[in-house]
Amino acid sequence: MRADFRLARMLHVLSHIHGRTNTTSSEELAVMLNTNPVLVRRMMGGLRAAGYVTSTSGRNGGWVLAVDPDAITVLDVYQALEEPVIFAIGANVDHPGCPQEQAINGALEVAMAQAAGTLLREFGQVRLSAFITSLAT
């Protein structure tokens with residue numbers, strides 16, 4: 001499974017578009033992220049649906065941060081991206097009747113659920129403003 005960079009990319013985008021007086025086009029963001037503008041629009045769509053950004057179309061269209069950076073957390077962005085898979089590892093289901101496989105899968109699932117819970121709680125504590133402040137100093 002390939003790494004999923006959407007969360008880091010959207011936090012990067014949000015920190016850059018904060019405070020701009022004009023909109024930032026998908027094309028500008030695509031250059032910054034070294035990707036395609038269509039992919040930018042897809043990623044930003046979840047943020048727009050959640051109310052974190054607004055967009056306008058047309059010649060001077062683009063994206064604007066719609067909330068105070070202190071009002072949005074990493075968890076908010078993660079959820080707006082439809083909660084990308086946290087871990088690329090998972091349980092094995094080659095032999096579902098095997099007691100060893102069941103024990104291993106059970107232990108892995110418990111450990112990964114605990115780790116995911118810890119990570120998501122941490123995401124909920126980190127605000128977008130933390131990244132913007134660190135850039136200003």
Side-chain angles (χ1 to χ4, degrees):
M1 175 181 260
R2 290 180 29 192
D4 187 330
F5 300 108
R6 290 178 296 164
L7 180 60
R9 286 178 156 199
M10 290 300 93
L11 291 168
H12 185 192
V13 162
L14 294 174
S15 68
H16 275 290
I17 66 174
H18 165 68
R20 286 194 173 183
T21 55
N22 297 320
T23 61
T24 307
S25 72
S26 297
E27 289 74 18
E28 290 175 274
L29 296 175
V31 169
M32 182 178 69
L33 297 174
N34 195 28
T35 192
N36 185 300
V38 173
L39 295 177
V40 169
R41 286 189 285 275
R42 277 190 206 143
M43 288 186 284
M44 296 292 281
L47 297 172
R48 180 181 50 224
Y52 303 131
V53 296
T54 59
S55 65
T56 54
S57 58
R59 183 174 172 91
N60 294 317
W63 300 94
V64 176
L65 187 64
V67 296
D68 183 316
D70 203 42
I72 184 173
T73 66
V74 172
L75 181 61
D76 295 329
V77 176
Y78 171 78
Q79 290 171 332
L81 293 170
E82 298 177 348
E83 302 184 10
V85 173
I86 293 177
F87 300 113
I89 58 175
N92 184 24
V93 292
D94 291 337
H95 306 284
C98 176
Q100 286 85 4
E101 184 176 279
Q102 291 172 0
I104 291 165
N105 288 346
L108 290 175
E109 288 170 359
V110 167
M112 287 188 294
Q114 290 173 343
T118 299
L119 180 63
L120 294 176
R121 280 190 297 281
E122 182 64 24
F123 281 179
Q125 298 301 310
V126 180
R127 301 196 174 282
L128 179 62
S129 58
F131 305 116
I132 294 168
T133 302
S134 67
L135 294 173
T137 59

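A quick note: this is a predicted structure, and the numbers were derived from the prediction, not measured.
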Which atom pairs, donor and acceptor, lie under 3.5 Å between side-chain atoms of residues 75-91 and protein residues at least two apart or in another chain?
residue, atom, partner, partner atom, Å
Asp76, OD2, Thr73, N, 2.8
Asp76, OD2, Thr73, OG1, 3.2
Tyr78, OH, Pro84, O, 2.9

Contacts under 3.5 angstrom, residues 64-72 side chains, donor-acceptor by atom type, not counting sequence neighbours:
residue, atom, partner, partner atom, Å
Asp68, OD1, Asp70, N, 2.7
Asp70, OD1, Ser129, OG, 2.9

Let me have the donor-acceptor pairs involving side chains of residues 34-41, under 3.5 Å, with sequence neighbours excluded, atom names and distances please.
residue, atom, partner, partner atom, Å
Asn36, OD1, Val38, N, 2.7

Listing, residues 99-117 side-chain donor-acceptor contacts under 3.5 Å, not counting sequence neighbours, or none:
residue, atom, partner, partner atom, Å
Glu101, OE1, Asn92, ND2, 3.3
Glu101, OE1, Asp94, N, 3.4
Glu101, OE1, His95, N, 3.0
Glu101, OE2, His95, N, 3.1
Gln102, NE2, Pro96, O, 2.7
Asn105, OD1, Asn92, N, 2.9
Asn105, ND2, Asn92, O, 2.4
Asn105, ND2, Glu101, O, 3.4

Show the atom names and distances, to 0.1 Å, of all donor-acceptor pairs under 3.5 Å that link a side chain in residues 54-62 to residues at least two apart or in another chain.
residue, atom, partner, partner atom, Å
Ser55, OG, Arg48, NH1, 3.0
Thr56, OG1, Gly62, N, 3.4

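Taking each heavy atom of Thr23 and Glu28 in turn, the nearest pair found is O-OE1, 4.1 Å.
The cluster map of Ile, Leu, Val, Met, Phe, Trp and Tyr, joined by side-chain heavy atoms under 4.5 Å apart, puts Val31 and Met44 in different clusters. Both Leu7 and Val126 belong to a single network of hydrophobic side chains, linked directly or stepwise wherever heavy atoms of I, L, V, M, F, W or Y lie under 4.5 Å apart.
Tyr52 pairs by the ring pair (Phe, Tyr, Trp, His ring centres under 6.0 Å) definition with nothing, not counting sequence neighbours.
Once rounded to the nearest 0.5 Å, the distance linking CZ of Arg42 with OG of Ser26 reads 12.0 Å. Taking CG of Leu11 as the start and CZ of Arg9 as the end, the distance is 12.5 Å to the nearest 0.5 Å. Taking CD1 of Ile132 as the reference point, atom NE2 of His18 lies at 4.5 Å (rounded to 0.5 Å).
In this structure, Leu47 and Trp63 have side chains that are not in contact, with every pair of non-hydrogen atoms separated by 4.5 Å or more. The side-chain heavy atoms of Met10 and Leu33, taken from C-beta on, include a pair separated by under 4.5 Å. Inter-residue side-chain proximity for His16 and Thr24 is flagged as unmet; no heavy-atom pair is nearer than 4.5 Å. Counting only heavy atoms from C-beta outward, the side chains of Gln125 and Arg121 never approach each other to under 4.5 Å.
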